Amino acid sequence: MRKRSVLCAVALVVLLLVSCAPLPRRSAQAGPDWSRGQLLGEGSFSEPVAIYAEPDGSRVHLGWGRASDAGDRIWYVQLDAQGKVLLAQGLALWVRLPHRISLVATRPGELVVLFLSGLGEERRLFAARIDAQGEVLGRPAQVNATGVPDDYAAVAAGDGIEVFWSHDDAPAPGLYHVRLLGDGQPEGESTLLAPGGSAPEARLATDGQIHLAWMRVLGGGEEQVYYACWSPQTRSLSAPLRVGHLALGSKALRYGPAMALSATHVYVLWSWERQAASILGGAGEGECAYVALPLEGVAHAPAVQSLVLPANPVPHYASVAGSFACCRLADLSGAPSSLTSVPA
């Protein structure tokens, strides 16, 4: 109970600034149960900040990429349980346009930092070790030997890291896998898991299995969503299951897939957005869909469901109790539609 209270006591808001306009050191409250956001630094890429929280809640580690005329850096920040900055510095790594940062723990007092670095055809996926003071340990390892990676997912499993990465280069575009040792060094060569696969997302279940989702682009605006389960013990992938299909059309953007695990199910989510044309007027549109698959496995894909969004931006919260550190969930009942419209 004490651990959960410590973790729930601090709401962390990370602000990345991509413009030169001066902003206050603290933001306005996002809601009555939120503290004001604390400005921690500036970033150069519109993407999530890498976050790793210590299991006991004593520290939170953050990382993001920053490009500047003075040199590109990976910025690393440590916070205590109250959100106080303990450490903020650029890592001593030679990088070029570093982005898609991940922080993975494999050994006590160390983190493995994964990141994409390089321009155009020179872009590669790297892994570097840092200690509790943010000092780089040894030389970074290049994770992929061939191809130009466009995305990846990394999960700590056992004493190593399972990495799933994708690229769309001929002659063998697709989704690949490689295992890293605890020091971030590749254990062997990457192997092709799914030809044509891209945008991987992975989650580790309590039984040690890794649930994996990815996209397959067919062309003409059509994309498919796939799901499978990876076993680190046998190093094998279950038969891929197609769980979704998108027909995006022109000027539409796809987001995801994203994944979440409950005590009984794995959820695979994705969404699309078509922005409004300001000259013609009207409104943009978008939709979020998901499937819920039993953790013990399923032979056929379940029905795709729309994630119903409430019209009220401050929904009612209902009390819940379970095996996860969660005490309240938003009640989405009564939402008028799964389709959201954005005024031009």
Side-chain angles (χ1 to χ4, degrees), residues 3-105 109-117 126 128-136 140 151-152 154 253 255 258 273 275 313-315 317 325-326 328 330 342:
K3 173 184 174 182
R4 186 169 64 184
S5 300
V6 172
L7 291 175
C8 295
V10 180
L12 174 64
V13 176
V14 179
L15 299 179
L16 289 186
L17 307 181
V18 294
S19 70
C20 297
L23 292 177
R25 303 299 296 182
R26 287 189 175 272
S27 71
Q29 284 182 286
D33 53 350
W34 286 76
S35 62
R36 296 174 64 194
Q38 180 180 351
L39 177 62
L40 298 179
E42 300 179 0
S44 304
F45 305 94
S46 179
E47 61 184 19
V49 172
I51 300 180
Y52 172 75
E54 298 282 354
D56 62 359
S58 61
R59 294 192 180 191
V60 177
H61 305 258
L62 310 173
W64 63 87
R66 181 177 178 181
S68 69
D69 294 338
D72 300 349
R73 305 294 292 272
I74 295 176
W75 201 251
Y76 171 68
V77 173
Q78 282 186 23
L79 306 174
D80 65 12
Q82 286 71 45
K84 179 182 177 181
V85 177
L86 301 176
L87 179 66
Q89 64 184 35
L91 298 180
L93 294 168
W94 189 94
V95 292
R96 189 72 175 96
L97 298 180
H99 60 289
R100 289 289 287 111
I101 316 298
S102 295
L103 301 175
V104 183
E110 294 184 8
L111 289 175
V112 174
V113 184
L114 291 102
F115 56 94
L116 294 176
S117 176
F126 294 92
R129 291 165 54 219
I130 60 173
D131 63 16
Q133 288 71 46
E135 298 296 326
V136 177
D151 208 348
Y152 74 94
L253 299 175
Y255 301 95
E273 174 191 24
Q275 298 181 350
V314 186
Y317 286 87
C326 176
R328 295 196 304 161
V342 182

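Throughout, residue positions are numbered sequentially from 1 according to the sequence presented. All values reported here derive from a predicted model rather than from experimental measurement.
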Compare every heavy atom of Trp64 with every heavy atom of Val77, then report the nearest pair and how far apart it is. CG2-CH2, 3.6 Å
Looking only at heavy atoms, which two atoms of Ile101 and Gly65 are closest? And how far apart? CG1-N, 3.9 Å
Nearest heavy-atom contact between Ala67 and Ser44 is N-OG, 2.8 Å
Separation of Ser102 OG from Leu111 CG (nearest 0.5 Å): 11.5 Å
Distance col, row Gln78:CD vs Leu87:CG, nearest 0.5 angstrom, shows 5.0 Å
Heavy atoms only: give me the nearest Ala128-Phe115 pair and the separation to one decimal. CB-CE2, 4.3 Å
Looking at Arg66 and Glu42, is there a salt bridge between them, counting it only when a charged N and a carboxylate O are closer than 4.0 Å? yes
Which residues pass the salt bridge (charged side-chain N to carboxylate O under 4.0 Å, His left out) test with Arg59, sequence neighbours left out? none
Can you say whether the rings of His61 and Tyr52 are parallel (under 30°), tilted (30 to 60°) or perpendicular (over 60°)? tilted
Salt bridge (Lys or Arg N to Asp or Glu O under 4.0 Å) pairs, two or more places apart, involving residues 68-78: Asp72-Arg96
Where at least one partner belongs to residues 84-95, residue pairs that pass salt bridge (Lys or Arg N to Asp or Glu O under 4.0 Å), sequence neighbours excluded: none
Would you please name every residue forming a side chain to side chain contact (heavy atoms under 4.5 Å, CB included) with Glu135, sequence neighbours left out? Gln89, Asp131, Gln133
Tyr152: ring-ring contact (aromatic ring centres under 6.0 Å, His included) partners, not counting sequence neighbours: none
Give the minimum heavy-atom separation between Val95 and Ser117, together with the two atoms involved. CA-OG, 3.5 Å
What residues form a side chain to side chain donor-acceptor pair (under 3.5 Å) with Arg328, not counting sequence neighbours? none
For Arg129, give me all partners under side chain to side chain contact (heavy atoms under 4.5 Å, CB included), at least two apart in sequence or on another chain. Arg107, Glu110, Val112, Leu137, Asp183
Exercise: identify the closest heavy-atom pair between Gly63 and Leu103: N-CD1, 3.9 Å
Taking side chain to side chain contact (heavy atoms under 4.5 Å, CB included) as the test, write out the residues that go with Ala92, two or more places apart. Val136
Main-chain N/O of Ser27 paired with Arg36 side-chain donor or acceptor, under 3.5 Å: yes
In chain order, what residues pass the side chain to side chain donor-acceptor pair (under 3.5 Å) check against His99, with sequence neighbours excluded? none
Taking side chain to side chain contact (heavy atoms under 4.5 Å, CB included) as the definition, give me every residue that meets it alongside Ala132, ordered by chain and number, with sequence neighbours left out. none
Please confirm whether the backbone N or O of Leu253 pairs with a side-chain atom of Glu273, one donor and one acceptor, at under 3.5 Å? no
A side-chain contact here means heavy atoms from C-beta on lying under 4.5 Å apart; do Trp75 and Leu62 qualify? no
Nearest 0.5 angstrom please: Tyr76 OH to Leu93 CG, how far? 12.5 Å
Do the side chains of Val49 and Leu40 get nearer than 4.5 Å, heavy atoms only? no
